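Order of appearance sets the numbers: ligands from 1, and atoms from 1 within every ligand. Just so it is clear, the structure is predicted and the values come from calculations on it, not from any experiment.
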Amino acid sequence: MENSLKQIADRLRRAKSVAIFSHMNPDGDAIGSALALSRALESLGVTTQVCVESDLPSNLQFVEGLEKITKKPSSAYDLLVCVDCSEAQRLGALSEEFFFAKRKKIDTVCIDHHVSNHGFCTYDFVQTCAANCMHIATLIAYMGAPFDKKTAEYLLLGLLTDSGNFSHDDVDEACFLLGAKLVKAGADICKLNYELFKKQPKQRAKLFGKVMGGIRYYHEGKFAAIVISKQLMDECGADPSMTEGFVDFPLNVDGVEVAASLMEYKKGQWKISLRTKTYAEANKIAGVYGGGGHVRAAGCMLFGDVEEALDKLSYTVYQYLE
Ligand SMILES: [Mn+2]
């Protein structure tokens, strides 16, 4: 059932104890959405617990309050909220807990911005926009909770992450208006910018150099791919979370419309990140392999050795090039 944020705000205010879940391999928008909502609810006297199935990425370790996040709920709750999550499966191991809650007739709420989300909760609010934190900001306003510096910083974390620092093509007036409101509330945009987009460990810098030295081009330079093998990561002492953002570099090469990174997730299993520049639809390309995401950014898994994976992918990409 499609609900308004106002209705959801009312439902949240009536809750006593809320569990907040977000997707596996969380990003800044997932963490920012969950922690901002948690803080707002707590300020209204509602108990919350925030859960994510995966370890938290190293680039987000600077975020205050991460210790609040656990891998599963430790106590009972009377409402379950999923944020920035397009389907129950995206909760990973927490999907079991989600279906358990459904069986126990605990109300579930979904607040999300993914185009692929068709609703999976008792109350669903799904509308595409640059970042899910924009919905959370509106929700917090409806709830009548304060916008303090910390809440503003959680929201800005999500907004900056998913808007690519106000640069993606779904960035609109609403993004800047929210950005202005958050900065006015005290969010440190300079610190967030450095932490999210500039700071990197030496291992990442080393890996970056090696990977970008091997960019491969296909289809007259319209498709560029990079390969991040396990061996290369080991050589540089890097871990998969350090490869966040790598795929943007080949996308920026002149003439490239589609860029992909193939990260060796397990032997013979590649985690594919896709980005498109102007017209190709990344979610459709990823969809061919059971993945999904947004028009400009999507992901999927591919199996086989690296040459097989690249063959398959470049053939599929070709179908979406003009
Ligand atoms: Mn998001």
As a test of reading the structure, name the N/O/S atom of Asp162 that is nearest the Mn ion (ligand 1).
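This residue's closest N, O or S atom turns out to be OD2.
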What N/O/S atom of Asp29 gets nearest to the Mn ion (ligand 1)?
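Per the distance ranking, Asp29 contributes OD2 as its closest N/O/S atom to the Mn ion (ligand 1).
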Given OD1 of Asp84 on one side and NE2 of His113 on the other, what angle do they make at the Mn ion (ligand 1), to 10°?
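Rounding to the nearest 10 degrees gives 80°.
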Would you call the rings of Tyr318 and His219 parallel, tilted or perpendicular if under 30° counts as parallel and over 60° as perpendicular?
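If you compare the ring of Tyr318 with that of His219, the planes turn out tilted.
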Do other residues, nucleotides or ligands put more than 12 heavy atoms under 6.0 Å from Phe166 CZ?
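Count over threshold, so yes.
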Distance only, no hydrogens: is a donor on one side chain within 3.5 Å (strictly under) of an acceptor on the other, for His113 and Asp29?
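Side chains of His113 and Asp29: pair found under 3.5 Å.
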Does Tyr142 use its side chain to pair, donor to acceptor, with the backbone of Leu5 at less than 3.5 Å?
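Absent.
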